Amino acid sequence: MTWAPGALVRHRPLPRRFWPETASAAHRIFYRGFGYDGERRLVSGSAFLPAGRAPEAGWPVVAFAHGTTGLSNASAPSRSGFARLERDHIGRWLAAGYAVAATDYEGLATPGPHPYFNGEAVADDVVDAVRALRGLGHPIADAWLVAGFSQGGHAAMHVANIATGYAPELDFRGTIALAPAACVADLVAHLTADGAGPLSPITILTLAGVAVTHPGFDPADTLTPVGAALVAQAAGATLRDMFRAVRGLTNDAAGTTGVAGVPDVAEVLAAVSVPVTYLDRPVFIAASRADEVLPFGPVRAFAAALREAGASVLDAPHDSASHAGMLAAGHPGALAFGLEHLAAEAAAIEVAAHRFDLLDRSRDGHLARDDYDAFALRLARSLGHAPRSPEAVAVRDGYRRLWNAVRTAADADGSGTVSAAEYRAWAARESHRDGFAAAVRPLAEAVIGLVDADGDRVLDRTELARLLTACRQDPGEAERTCRALDANGDGKVSADELIDAVRGFCIGEDRPGAWLFGRF
């Protein structure tokens with residue numbers, strides 16, 4: 001039997017004490033998903049229905065991504081209930097006429113560890129909860145938004161990266177991020193800057209959580225015995241447990257002072273931060289200058305960077321709300337944003353014309369590593385591969401190698417980005433050299449591996465059509481691309497033929513290499 005992500009496995013009534021006041025029905029749901037490693041996982045969550053008669057098209061949906069609750073099974077909101085402020089926030093969406101699908105995230109109340117602050121790992125859990133909600137039999141529309149708070153804001157921004165490709169049968173309208181922990185490294189640096197300052201449970205949970213999906217990383221290597229013991233405890237603890245455990249302790253006592261600057265730690269924190277890249281749906285970000293947990297400056301800088309990368313971003317600063325208070329303070333703006341984009345026609349996907357413009361979605365004349373990482377993740381997720389599956393890892397490594405080759409050879413001014421002029425000079429210089437094929441071959445072979453059902457290391461027409469569809473080509477366009485890629489007319493496309501097509505694309509020839517960079 002096919003393991004269809006989002007398929008509803010079972011459901012039961014949610015205890016009444018867990019219901020928002022405005023809910024007319026509430027279910028605890030269990031649905032199929034995939035873990036970060038690509039293994040099948042059962043995921044749990046909550047589904048809430050508003051009162052009254054559904055619109056003709058059904059209730060639009062908000063997929064709610066919750067804030068930090070901990071790493072233990074007892075941390076799952078469907079099992080122990082949402083915090084009051086989150087429950088009230090969900091109630092406001094219900095009162096406005098939205099159904100709400102709220103995942104617990106993988107590893108909370110279901111088998112497997114919870115990959116805390118790994119948005120790539122849980123983004124599909126958020127989307128699949130919407131699919132599971134539709135399986136309950138209530139009138140549900142195709143249109144949906146994602147709304148996340150704190151850790152959930154981090155998850156929501158990762159949903160924004162993959163939603164349209166991962167669930168093309170749904171009509172994704174945009175992302176709402178309230179006090180989002182988008183820049184995990186900045187958050188940890190803020191919490192650990194003062195050695196004599198109080199130790200935050202968020203710091204300990206973050207170190208324990210990122211170790212789940214980075215098995216070579218051992219936070220105990222940089223901590224005191226007290227800190228190492230706390231990290232071990234956090235793996236099975238709720239947030240409330242950890243508040244009690246760190247009471248009276250300082251960063252110095254745990255060895256966490258300045259930990260975000262330790263090279264091994266900095267590497268994994270950078271890996272789980274949200275990439276700055278073009279997004280094909282609008283974003284609403286709200287943060288407060290008075291937030292006692294999340295530093296305000298990095299959130300504003302993140303929003304500005306997204307805007308510079310070509311995303312449509314509405315940035316809503318607040319002056320006096322606390323971290324948890326942003327659930328209420330940010331909701332009026334979030335609701336207005338949601339209503340505006342639900343009232344609009346189904347969002348169109350803008351596609352740049354060709355060559356450098358397709359890669360440079362910001363149209364600022366520069367390429368950066370996040371662009372390549374985003375292409376890799378979106379392509380893998382569009383074809384159903386989890387972020388740590390061998391296929392997805394190979395594709396990401398292929399795009400990363402290509403970026404490193406371009407940056408190393410083309411970044412003449414050492415800025416860390418590649419301008420249009422630098423890119424064109426590199427393409428003209430390298431396209432006919434062996435180095436170009438060496439740079440592109442790992443990517444070409446990895447992309448073939450995403451859809452190579454028979455393992456022959458070439459793509460037949462069916463496999464290639466599936467790949468091109470994931471890259472947003474319509475059937476007619478995909479057929480033309482198939483014919484153009486099959487240079488020798490044998491009915492199959494090899495890595496060499498892909499490399500040749502990419503070479504032509506890069507130097508501006510009328511060749512079918514653009515699809516490899518997707519229409520995301």
Side-chain angles (χ1 to χ4, degrees), residues 65-69 85 116-119 147-158 160 175-210 219 222 239 242-243 246 249-252 254-263 265-276 283-309 311 313-330 333-334 370:
H66 65 78
T68 299
T69 58
L85 292 176
Y116 180 64
F117 267 143
N118 196 307
F149 164 67
S150 193
Q151 177 198 356
H154 175 271
M157 292 308 310
H158 280 278
T175 299
I176 295 162
L178 305 178
C183 312
V184 180
D186 289 315
L187 171 61
V188 174
H190 172 72
L191 295 174
T192 61
D194 182 4
L199 176 63
S200 170
I202 301 299
T203 300
I204 299 299
L205 288 166
T206 300
L207 293 174
V210 296
T222 62
L239 178 60
M242 294 313 299
F243 265 112
V246 304
L249 295 176
T250 64
N251 284 310
D252 282 344
T256 55
T257 306
V259 72
V262 176
V265 179
E267 182 179 353
V268 297
L269 295 181
V272 299
S273 290
V274 179
V276 173
V283 178
F284 174 88
I285 297 176
S288 173
R289 294 179 177 88
D291 193 318
E292 75 284 10
V293 175
L294 190 72
F296 178 73
V299 178
R300 295 300 303 283
F302 171 73
L306 279 180
R307 193 177 294 111
E308 290 175 4
V313 180
L314 177 58
D315 183 13
H318 291 256
D319 290 325
S320 58
S322 66
H323 185 65
M326 281 304 302
L327 283 160
D370 276 0

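Computed from a prediction, not measured in an experiment: that's the story for all the values here.
Shown here are the ring-ring contact (aromatic ring centres under 6.0 Å, His included) partners of Phe117, two or more places apart in sequence or in another chain: His154. Remark: Tyr116 pairs with no residue by the ring-ring contact (aromatic ring centres under 6.0 Å, His included) rule, at least two apart or across chains. Applying the side chain to side chain contact (heavy atoms under 4.5 Å, CB included) criterion to Thr222, with sequence neighbours excluded, gives Val259, Val262, Val265. In terms of the salt bridge (Lys or Arg N to Asp or Glu O under 4.0 Å) criterion, residue partners of Asp315 (sequence neighbours excluded) are, by chain and number, Arg300. Every residue meeting the side chain to side chain contact (heavy atoms under 4.5 Å, CB included) condition with Ala189, not counting sequence neighbours, appears here in chain and number order: Ala260. In terms of the ring-ring contact (aromatic ring centres under 6.0 Å, His included) criterion, residue partners of His323 (sequence neighbours excluded) are, by chain and number, Phe149. Under the rule for a side chain to side chain donor-acceptor pair (under 3.5 Å), Thr206 has no partner lying at least two apart in sequence or in another chain. Scanning for side chain to side chain contact (heavy atoms under 4.5 Å, CB included) contacts around Ala286 gives Leu178, Phe284, Ala316, His318, Met326, with sequence neighbours left out. Partners of Asp370 according to the side chain to side chain donor-acceptor pair (under 3.5 Å) rule, which considers only residues two or more places apart in sequence or in another chain, do not exist here. Applying the side chain to side chain donor-acceptor pair (under 3.5 Å) rule to Ser273 yields no partners; only residues at least two apart in sequence or on another chain are considered.
The CG atom of Leu327 sits 6.0 Å away from atom CG of Leu85, with the distance rounded to the nearest 0.5 Å.
No option in Leu207, Val210, Asn118 other than Val210 meets the side-chain contact (heavy atoms from CB on, under 4.5 Å) test with Val268.
Each side-chain hydrogen bond (donor to acceptor under 3.5 Å, both in side chains) pair with one or both residues in residues 176-202, not counting sequence neighbours, would appear here, but there are none. The salt bridge (charged side-chain N to carboxylate O under 4.0 Å, His left out) analysis of residues 265-276, with sequence neighbours excluded, yields no pairs.
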Under the side-chain contact (heavy atoms from CB on, under 4.5 Å) criterion, do Val276 and Glu308 qualify, and how do the steps go?
CA-CA 9 Å; Val276 173; Glu308 290 175 4; over 6 Å; no
Under the side-chain contact (heavy atoms from CB on, under 4.5 Å) rule, what do Thr250 and Leu199 come out as? Steps first, then yes or no, please. CA-CA 5 Å; Thr250 64; Leu199 176 63; 5.8 Å; no
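Contact check for Ser150 versus His66: no side-chain heavy atoms found under the 4.5 Å cut-off. Counting heavy atoms from C-beta outward, Ile285 and Pro180 have side chains that approach closer than 4.5 Å. Gln151 is not listed as a side-chain neighbour of Ile202, based on a closest heavy-atom distance of 4.5 Å or more. When side chains are defined from C-beta on, Leu294 counts as touching Leu187, because their heavy atoms get closer than 4.5 Å.
Shown here for Pro275 and Phe302, the closest heavy-atom pair between the two residues is O-CE1, 4.4 Å. In terms of heavy atoms, Met157 sits closest to Thr175 at SD-CG2, 3.9 Å. Residues Arg307 and Val313 approach most closely at NH2-O, 3.3 Å, considering heavy atoms.
Between the side chain of Ser288 and the main chain of Ala321, a donor-acceptor pair closer than 3.5 Å is present. A donor-acceptor pair is defined here as one N or O able to donate and one able to accept, closer than 3.5 Å; such a pair exists between the side chain of Thr257 and the backbone of Asp252.
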